[in-house]
Amino acid sequence: MKNLFAKSISVVLLAAATVTVSAQQKATAVINADQGTYVINKNIYGQFAEHLGHGIYGGIWVGENSSIPNTHGVRNDVIAALKKIKIPNLRWPGGCFADEYHWMDGIGPREKRARMINTHWGGVVEDNSFGTNEFLNLCEELGTEPYICGNLGSGSVEEMSKWVEYMTFDGESPMANLRKQNGREKPWKVKYFGVGNENWGCGGNMTPEGYSELYRRYATYVRNYAGNELYKIAGGANVDDYKWTETLMKNIPRGMMNGISLHNYTFTDGWTNKGNATGFNEDQYFKVLENGQRMDDLITKHSAILDMYDPAKRIGFVVDEWGVWYNVEPNTNPGFLFQQNSLRDALLAGEILNIFHKHCDRVKMANIAQMVNVLQAIIFTESDKMLLTPTYYVFDMYKVHQDATMLPMTVNSPDYSRLNRNMKAISTTASVDKNGAIHVTLVNIDPKNDIEVSCDVRGAKATKLTDGQIITGKETGTFNTFDNPYQVQLENFKDAKFKNGTLTVKVPAKSLVTVELK
Ligand code: AHR
């Protein structure tokens, strides 16, 4: 009897404990809908395509004679997928490849183009069949801004200068004439131009002082021809190399650079222990998302330096390589950097895009690495097949924030705890677009607990909840395959209401949700 009593007491206590645990899975938030100041630059949704693995060949370019349906040699399925998410800019041709790329090898009749070894990436033959004309025509087809990365590491000032002349000069000149000879009468519009890539490493192993001097010299001859004004981007720091940022800010005259970049990748443990893209445990899941949050600290500290030298915020911070980097998939060329892409990576992308939005007063562009078949790709291809990765759907869901005004939003979120460390389970973005529609995105990284967010929307004209979308999956490690391509995708979401200025959203564990208020 005594035993039975003790048992029922413990059942009651256990039930109470359970109630308490689930009662904690609530968050409160406030959006000040009438206090938006900064615009989320659409260029934060930029992409990156390098001559690396199947990033270009097979992934984008199949050639005009391919049996794979194509437009001037570029896969139609990839063009359609990219148009859908409105990619605002595309960085090319590298990466490390850029500082070994000689653009003249990639123009003129394709059968006559130089063949070279891609020393950085797998030692394969590069036949230069995808070059300047092919790239710029693709950007026109997509309605996206080209972002060219010039060769400062192994190329000459003359070569860089002539490239700009070839692409953008409208008139009589040796390079404009060469372009016309190659079938393109009018120049293209090229706005974004990077003066080198990772010049502290693969782009020449330079010091920041040495690079600053070279930047000044090269950028002088990167001309603004009539009707085409370039936005020149200096090759910025590796992760937390604040000295690099400060030296460039000190040594490069203001009028000579419009943007300064940062490269920061996310690993499970670090460069020497990147971890696997699939088959991970919860500790590894936690570490990737925790390391992803480092982007916030990096932007805060680099921005503080930029603020000292450029308080008016004229220089844009350009995170032109970001994303998660795992071990390559077994039985693939280690130089091709091919990795799977799971729901974990979608959550990471959402978390990092929310960080970029938070810093949108300074972050003017970002480029996830890389667009097709490489690292945190949004698209995979395999001969004539194409699939969209979980990360693709994040770019689809988040496109409503492109060029919208960021709204201040504060959240009081429960923690997601592991390894005796805590992270906030919920991260968010709220923005208002040109038509007055408010979009609220909530990312719940907690893999087990749904969280009900109750949000006070102040100062909004919106009265109705008009749409909802969700990305989630069975497990944090769920991924799409060619046999099973829709394990993780964008779906309709109904578990939200908006009444008397309070938005209530039940955000399922391991999910990204966006709702629209009008
Ligand atoms: O994205 C892969 C490589 O990572 C790029 O080529 C280089 O810039 C960076 O180190």
Side-chain angles (χ1 to χ4, degrees), residues 21-31 33 84-86 342-351 353-354 357 388-402 404 407 409 411-414 416 424-433 435-458 460-476 478-480 484-518:
V21 168
S22 60
Q24 282 172 353
Q25 303 311 305
K26 285 185 185 280
T28 55
V30 175
I31 294 172
K84 179 153 195 287
I85 58 170
K86 300 185 169 58
S342 73
L343 175 61
R344 172 174 67 174
D345 306 320
L347 293 160
L348 177 87
E351 175 185 278
L353 288 168
N354 288 341
H357 297 164
L388 307 174
T389 69
T391 302
Y392 174 91
Y393 290 107
V394 179
F395 279 75
D396 197 5
M397 172 188 268
Y398 272 61
K399 67 184 181 219
V400 291
H401 295 302
Q402 288 191 18
L407 298 177
M409 178 169 184
V411 189
N412 193 356
S413 162
Y416 166 42
K424 293 291 168 210
I426 296 277
S427 76
T428 62
T429 292
S431 71
V432 60
D433 70 15
N435 302 317
I438 294 177
H439 294 100
V440 184
T441 296
L442 303 131
V443 181
N444 179 7
I445 57 170
D446 189 318
K448 297 197 181 88
N449 294 300
D450 302 349
I451 299 175
E452 188 179 274
V453 182
S454 171
C455 178
D456 187 5
V457 186
R458 296 180 187 159
K461 290 190 192 110
T463 53
K464 272 191 281 180
L465 194 142
T466 43
D467 200 8
Q469 296 181 320
I470 184 167
I471 300 166
T472 190
K474 275 205 191 88
E475 312 286 343
T476 54
T478 303
F479 56 93
N480 297 336
N484 214 341
Y486 301 111
Q487 293 288 292
V488 180
Q489 60 173 319
L490 197 58
E491 290 172 288
N492 286 333
F493 177 74
K494 298 260 175 261
D495 220 347
K497 54 182 196 279
F498 184 45
K499 226 177 154 191
N500 302 329
T502 302
L503 171 69
T504 312
V505 188
K506 193 157 175 196
V507 192
K510 53 177 166 35
S511 75
L512 304 99
V513 167
T514 293
V515 294
E516 181 183 76
L517 310 177
K518 270 186 181 159

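All of these numbers come straight from a predicted model, not from anything done at the bench.
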Determine, stepwise, if the pair Glu351 / Asn354 fulfils side chain to side chain donor-acceptor pair (under 3.5 Å).
CA-CA 5 Å; Glu351 175 185 278; Asn354 288 341; over 6 Å; no
Is there a side chain to side chain contact (heavy atoms under 4.5 Å, CB included) between Phe493 and Val515? Walk through the geometry before answering.
CA-CA 8 Å; Phe493 177 74; Val515 294; 4.3 Å; yes
Step by step, work out the side chain to side chain contact (heavy atoms under 4.5 Å, CB included) result for Gln469 and Glu491.
CA-CA 5 Å; Gln469 296 181 320; Glu491 290 172 288; over 6 Å; no
Report the C-alpha separation of Asn480 and Tyr486 in whole Å, then their side-chain angles, then the decisive distance to 0.1 Å, and conclude whether the side chain to side chain contact (heavy atoms under 4.5 Å, CB included) test is met.
CA-CA 6 Å; Asn480 297 336; Tyr486 301 111; 5.6 Å; no
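For residues 499-518, the set of pairs meeting the side chain to side chain donor-acceptor pair (under 3.5 Å) definition, not counting sequence neighbours, comprises His439-Glu516, Thr441-Thr514, Thr466-Glu516. Applying the salt bridge (charged side-chain N to carboxylate O under 4.0 Å, His left out) rule to pairs touching residues 443-452 yields Lys26-Glu452, Glu282-Lys448, sequence neighbours excluded.
The shortest non-hydrogen separation linking Ser413 to Ala27 is CA-CB, 4.0 Å. Among all heavy-atom pairs drawn from Ser431 and Ala404, the shortest one is OG-CB, 3.5 Å. Of all non-hydrogen atoms in Val453 and Ala29, the two that sit nearest each other are CG1-CB, 4.2 Å. The shortest heavy-atom contact between Gly473 and Leu343 is N-CD2, 3.5 Å. The two residues Ser342 and Thr476 make their nearest non-hydrogen contact at OG-O, 3.5 Å.
The shortest distance between side-chain heavy atoms of His401 and His357 falls below 4.5 Å. At a threshold of 4.5 Å between non-hydrogen side-chain atoms, the residues Met409 and Leu442 count as touching. When side chains are defined from C-beta on, Ile470 does not count as touching Asn492, because their heavy atoms never get closer than 4.5 Å. The shortest distance between side-chain heavy atoms of Ile31 and Cys455 falls below 4.5 Å. By the 4.5 Å heavy-atom criterion applied to side chains, Leu517 and Val457 are counted as neighbours. The shortest side-chain heavy-atom distance between Ile471 and Val488 falls under the 4.5 Å cut-off. Between Ile445 and Val443 the shortest side-chain heavy-atom distance falls below 4.5 Å.
Atoms OH and NZ, on Tyr416 and Lys424 in that order, are 15.0 Å from each other to the nearest 0.5 Å. Ser427 OG to Leu347 CG: the interatomic distance, rounded to the nearest 0.5 Å, is 9.0 Å. Atom-to-atom distance recorded for Thr472:OG1 and Leu512:CG is 8.0 Å, nearest 0.5 angstrom. Separating the CZ atom in Phe479 from the OG1 atom in Thr389 is a distance of 12.5 Å, to the nearest 0.5 Å. Atom CE of Met397 sits about 11.5 Å away from atom CD of Gln489, to the nearest 0.5 Å. Taking CG of Leu490 as the start and CD1 of Ile85 as the end, the distance is 11.5 Å to the nearest 0.5 Å.
Panel note: side chain Asn444, backbone Pro508; a donor-acceptor pair is recorded below 3.5 Å. With Asn449 contributing its side chain and Gln25 its backbone, the two residues share no donor-acceptor pair below 3.5 Å. Panel note: side chain Tyr398, backbone Gly350; a donor-acceptor pair is recorded below 3.5 Å. Within the 3.5 Å criterion, the main-chain N or O of Asn435 finds a donor-acceptor partner in the side chain of Asp433.
For Lys84, the salt bridge (charged side-chain N to carboxylate O under 4.0 Å, His left out) test picks out Asp396, with sequence neighbours left out.
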